[in-house]
Trainee: 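Handing you a structure now.
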Amino acid sequence: MLAWVRSLDSFLERARIRYFGLGLLLAWVYCSWFSHGIFSADNSVAAFTTLRTSLLFSAVGLLAIVFRPHKEIPLKPQSVFASAVVVSAATLLFFIVPSGPLLLAVSAMGGLASALLWVAWGELFCRIDQETAESCIPSSLAVFVLAALVVYLLPSPVSGVVSALLPLVSCMMLLLGENAQQEEYVFPTPKEPFSRVVLPLSRLALCSMACSIATGFVVTGFPMMQFTVEVQDFIVFYIAGGILTGAIAIFAIAHTRRMNFSFLYEWAIPLIVFSLSFCALRTPLSNMCAAVLACSAALCVEVLFYAIFARITAHRLCLPSETFGIFRAVVQLGFLLGGLLNAWATRSGADVVAVCLFLICACVVMLPLFLHLQGRFDEFKGGGEFAVDGAAIGDQEETSAYGRQDAMDEIAKEFKLSAREAEVLQYLGRGRSVPYMREAMMISKSTIETHIKHIYAKTNVHSKQELLDLIEARLEEHAQ
């Protein structure tokens, strides 16, 4: 069995998909409730009732994890695996448990257990280097799209069984990823006490709730919408939204100068505003556009938050369970509130245009408030510099007359590096990651990568390790 596990882990590493299992967990959520593999088309009431129950109890579980003791220690693999078994079992029980209190109890049990999986994935992303996390997190959208497409193409109830097994497969990938990390790991102690950070963090989370309320309002209205073509599985909108969000994420992460909550909000708000605007038109074509844009915005918030949370932990502002627990809980509660708002508007006959306009105003008004809170939150980031693996390091200069700084200056001069290339060389020589350089130099990831390629070409090296070897060789030459 151990040989089989090692072989599987080796395959995932060679295929560069070791940390993509988050996409399968996302696929479980949307495939379970927005495809007809588990709940038939005429049973949408049970589907949305169990979804709301799962969201509520998952949020409760997430908040409980935020305040658990020994948060600096990652969640135990045994607990994470047990939670995955419970989530998959609860989803399978949807097939056989009749509607009523028992079905809601099963949904609540699955929601509580899913909280551990969401936080465990966040803790794993905070243990790997930031550059890997930033590439793997948006890439998990590709896994989400593929899994959702498979579920969509399979007949029922096979597609429902596949949906139910997705959390278990996601957990297996999570545990294999953790197996490659340092044992007995403890997260670094935050620079600030949680009591001081929790207020601005909660305010940012509440601002983010505006996004999830708006997307929840649109998405939960799918059964009542008319589309230009007959749609049996609403998961097709999430497949389209996943493709659109993946393209946005790749472009944004590559070209933005700094990744933070403001960056995410500036990308999500246009998607939400256009989605609500199309929803207000109430035509079949506009409903199609609203559905795709709402799903895209929901996935944007779901996925890109993980990259930003990993950055917060790298700055030692909070522990992973605190950031992931608070924001994930608030996002899920926002989606729940959006669904309840849609249900109220439908029952009371409220003017949909007025509700959409109200949500648009709320999101737009939140933007300057969000930017202000981001500035307040950045005040906590003073000091600390971090190495590739997130551990704090200093600029340890050589004690000899000829030090590392001199070696890098000499290389820059000898190979005629530009001023920017020389600056990138300084960071590379000290083990800094691309995300660190992006924030320090205030230039985009793609620009930094271009500078690195030029440095490699001019110095005739092919990797970062060869560049570090070149620096060490200069140090040895002068030491002799």
Side-chain angles (χ1 to χ4, degrees), residues 8-29 74-75 77 80 84 117-148 166-167 169-182 185 187 242-256 259-260 263-264 267 299-315 320 323-324 327-328 386-391 432-439 444-446 448-449 452 464:
L8 179 59
D9 184 47
S10 176
F11 166 75
L12 293 176
E13 184 179 11
R14 290 196 305 272
R16 298 181 182 274
I17 58 174
R18 173 184 275 170
Y19 304 113
F20 288 7
L22 176 65
L24 295 178
L25 191 57
L26 287 170
W28 162 71
V29 175
L75 293 169
V80 175
L117 292 175
W118 292 117
V119 174
W121 269 110
E123 289 184 340
L124 177 60
F125 285 129
C126 293
R127 293 172 65 180
I128 63 180
D129 65 86
Q130 292 180 43
E131 193 170 355
T132 301
E134 283 193 5
S135 62
C136 289
I137 291 172
S139 298
S140 63
L141 282 169
V143 175
F144 164 81
V145 170
L146 289 175
L166 288 174
V169 179
S170 174
C171 179
M172 290 177 61
M173 295 181 68
L174 169 68
L175 296 179
L176 288 173
E178 285 189 344
N179 187 56
Q181 304 305 311
Q182 177 185 349
Y185 183 85
F187 289 106
I243 295 172
L244 176 59
T245 304
I248 291 174
I250 292 172
F251 175 83
I253 289 178
H255 296 284
T256 187
M259 275 194 62
N260 53 27
F263 147 80
L264 173 60
W267 278 95
L299 290 171
C300 180
V301 173
E302 292 262 22
V303 175
L304 294 186
F305 266 158
Y306 274 81
I308 296 173
F309 293 160
R311 178 67 58 84
I312 287 180
T313 303
H315 281 289
T323 53
F324 286 93
F327 273 87
R328 180 77 201 177
F386 302 88
V388 173
D389 61 359
R432 306 306 190 198
S433 66
V434 171
Y436 178 92
M437 285 186 272
R438 184 171 63 192
E439 287 202 0
S444 69
K445 179 180 178 180
S446 59
I448 293 173
E449 290 174 343
I452 292 175
K464 183 178 179 180

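Given the structure is predicted, the values throughout are model-derived calculations rather than measurements. No hydrogens, no waters, no symmetry mates; every other heavy atom, side chains included, goes into these values.
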Trainee: How far does OG of Ser135 sit from CD1 of Ile128, to the nearest 0.5 angstrom?
Mentor: 7.5 Å
Trainee: Do the side chain of Ser170 and the main chain of Gly21 share a donor and acceptor less than 3.5 angstrom apart?
Mentor: yes
Trainee: Between Ser446 and Ser444, which heavy-atom pair has the shortest distance, and what is it?
Mentor: OG-OG, 3.1 Å
Trainee: Find the distance between CZ (Arg432) and NZ (Lys464) and round it off to the nearest 0.5 Å.
Mentor: 9.5 Å
Trainee: Please set out all donor-acceptor pairs under 3.5 angstrom arising from side-chain atoms of residues 22-29, sequence neighbours excluded.
Mentor:
| unit_1 | atom_1 | unit_2 | atom_2 | d |
| --- | --- | --- | --- | --- |
| Trp28 | NE1 | Ser32 | OG | 3.4 |
| Trp28 | NE1 | Thr91 | OG1 | 2.9 |

Trainee: If you take all heavy atoms of Val303 and Ser140, which pair is closest and at what distance?
Mentor: CG1-OG, 4.4 Å
Trainee: Please give me the minimum heavy-atom distance between Ile448 and Val434, naming the atom from each residue.
Mentor: CD1-O, 3.9 Å
Trainee: Test of understanding: with side-chain hydrogen bond (donor to acceptor under 3.5 Å, both in side chains), list the residues that count as partners of Thr132, not counting sequence neighbours.
Mentor: Asp129
Trainee: Would you compute the distance between atom CD1 of Ile452 and atom CE of Met437 and round it to the nearest 0.5 angstrom?
Mentor: 4.5 Å
Trainee: For Tyr306, give me all partners under ring-ring contact (aromatic ring centres under 6.0 Å, His included), at least two apart in sequence or on another chain.
Mentor: Phe324
Trainee: How far apart are the C-alpha atoms of Ile248 and Cys300, what are their side-chain angles, what is the distance that settles it, and do they pass the side-chain contact (heavy atoms from CB on, under 4.5 Å) test?
Mentor: CA-CA 9 Å; Ile248 291 174; Cys300 180; 5.5 Å; no
Trainee: Compare every heavy atom of Thr313 with every heavy atom of Thr323, then report the nearest pair and how far apart it is.
Mentor: OG1-OG1, 4.1 Å
Trainee: Mind checking the OH-CG spacing from Tyr19 to Leu174? Nearest 0.5 Å is all I need.
Mentor: 10.5 Å
Trainee: Given side chains that start at C-beta, do those of Val119 and Pro320 come closer than 4.5 Å, heavy atoms only?
Mentor: no
Trainee: If you measure from CZ on Phe20 to CG on Leu146, what distance do you get to the nearest 0.5 Å?
Mentor: 11.0 Å
Trainee: For Pro74, give me all partners under side chain to side chain contact (heavy atoms under 4.5 Å, CB included), at least two apart in sequence or on another chain.
Mentor: Glu123, Arg127, Tyr185, Phe187
Trainee: Who passes side-chain hydrogen bond (donor to acceptor under 3.5 Å, both in side chains) against Arg438, sequence neighbours left out?
Mentor: Glu134
Trainee: Can you name the residues that form a ring-ring contact (aromatic ring centres under 6.0 Å, His included) with Trp121, not counting sequence neighbours?
Mentor: Phe125
Trainee: For Pro138 and Ala249, which heavy atoms make the closest approach, and how far apart are they?
Mentor: CB-CB, 3.7 Å
Trainee: To the nearest 0.5 Å, what is the distance between CG on Leu75 and CD on Glu178?
Mentor: 8.0 Å
